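Worksheet: the structure to be examined is printed underneath.
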Amino acid sequence: MGIKDNFTADEWFKVMTGPGRAGAAVVAASPSGLTGLVAEAQAIGQAVRESVSAHTRTPLLEAMAADLLGTAPDPQAMPHQERARNMEEAREQSLQGVRQAAWLVAAKASPEDAAAYRAMLINVAERTAGAAKEGGFLGIGGEQVNDRERAVIEELRTLLGQGEAPTPDATPSPLIAPSPDGSGNSN
C-alpha cells in the first residue's frame, strides 16, 4: 500500500494540481504578455520536476513523480471545475485549490511529506514570479517580481502557515485548516 492509497481519486487530483495552482495564482495576480506566460508556465513545470526528482524527496513526492511519469489522466474523468470569469476570480480559485491540497496532505500524509509539499508550493510560486519581467516595454524596464506577485507569494506563505521566508532552522507553523467540508470557506 502506497501513500497515494491514503487519498481518494478526487483528493489525489487536488494534491497533484496544487503546485500548478500555486503558480497560476501568481500568473493571475499579474498577467504577462504571451512570452511571459510561456516563461511562467515553463517555470511551473521545471519547479515541479525539480521538486519531485530531488534526491531528498519524500514518499509523497515520489508518488507524485510516478504519476507525472505515467499516462496522462483522461480529461473526461477529471473533476469539473467552474471557469473563472476574470483574473481576480482565477487567483482566488487557485489559492482555494492550494489551500485544499495542502490541507489534504497535512491530514493524510506524514509531517515530513506535508513540509516538503508546502516547500514545493512556495518554490513553484517564487519561480513563477521570477520567470518573466512585469511592466516595461518590449523587455526594457519593468521588474522581475512586482508587488502583486510578492503579495500573492506572501498570501501563500500565510495560507500554508509559513509566514515570512523561513530561516534554515525554522520549524514550520501549522497549516491553516479549511472548513470541515474541505472548501476553505468558514461559512
Side-chain angles (χ1 to χ4, degrees), residues 2-29 40 43-54 56-68 73 78-79 81-82 84 88-129 149-168 170-187:
I3 191 164
K4 185 176 170 182
D5 296 327
N6 295 347
F7 301 89
T8 66
D10 184 54
E11 290 170 342
W12 188 248
F13 177 80
K14 289 177 182 178
V15 170
M16 289 295 293
T17 58
R21 288 176 177 269
V26 173
V27 171
E40 290 168 339
I44 292 169
Q46 185 65 29
V48 171
R49 279 190 299 279
E50 288 174 7
S51 294
V52 300
S53 59
T56 57
R57 68 183 179 206
T58 65
L60 177 78
L61 298 184
E62 286 180 14
M64 291 178 73
D67 269 21
L68 289 171
M78 292 181 168
Q81 181 176 337
E82 196 170 314
E88 179 58 28
E89 201 171 285
R91 185 185 71 77
E92 285 299 321
Q93 284 180 358
S94 295
L95 291 172
Q96 183 67 16
V98 169
R99 176 183 291 115
Q100 289 175 355
W103 184 82
L104 285 166
V105 170
K108 296 189 171 206
S110 71
E112 294 79 20
D113 281 325
Y117 189 74
R118 288 190 307 264
M120 177 174 55
L121 295 171
I122 295 299
N123 182 41
V124 167
E126 289 174 341
R127 297 271 300 272
T128 303
E149 291 170 327
R150 278 190 283 279
V152 169
I153 292 169
E154 286 310 310
E155 191 171 355
L156 280 166
R157 285 186 189 287
T158 301
L159 177 124
L160 297 171
Q162 303 219 278
E164 293 296 315
T167 57
T171 304
S173 306
L175 180 66
I176 299 171
S179 64
D181 67 357
S183 68
N185 297 328
S186 58
N187 305 15

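Keep in mind that this is a model prediction, so the values were computed, not measured.
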Checking the side chain of [X] only, and the main-chain atoms of [Y] only, is there a donor and an acceptor separated by less than 3.5 Å?
| X | Y | answer |
| --- | --- | --- |
| D67 | M64 | no |
| K108 | N6 | yes |
| R57 | V52 | yes |

Report all side-chain donor-acceptor pairs from residues 15-26 shorter than 3.5 Å, counting only partners two or more places apart or in another chain.
| residue | atom | partner | partner atom | Å |
| --- | --- | --- | --- | --- |
| T17 | OG1 | F13 | O | 2.9 |
| T17 | OG1 | K14 | O | 3.3 |
| R21 | NH1 | Q93 | O | 3.4 |
| R21 | NH2 | Q81 | OE1 | 2.4 |

Hey, what do you get for [atom1] ([X]) to [atom2] ([Y]), rounding to the nearest 0.5 Å?
| X | Y | atom1 | atom2 | answer |
| --- | --- | --- | --- | --- |
| R127 | I122 | CZ | CD1 | 14.0 Å |
| R157 | E154 | CZ | CD | 5.5 Å |
| L104 | D10 | CG | CG | 8.5 Å |
| L61 | E112 | CG | CD | 12.0 Å |
| L121 | E126 | CG | CD | 11.0 Å |

Minimum heavy-atom separation for [X] to [Y], with atom names?
| X | Y | answer |
| --- | --- | --- |
| V105 | A114 | CG1-CA, 3.6 Å |
| A101 | Y117 | CB-OH, 3.3 Å |
| V124 | T128 | O-OG1, 2.7 Å |
| R118 | L160 | CD-O, 3.2 Å |
| P59 | I3 | O-CG2, 3.7 Å |
| V27 | E40 | CG2-OE1, 3.6 Å |

For a 4.5 angstrom cut-off between non-hydrogen side-chain atoms, does [X] reach [Y]?
| X | Y | answer |
| --- | --- | --- |
| W103 | Q100 | no |
| L60 | F7 | yes |
| N123 | S51 | yes |

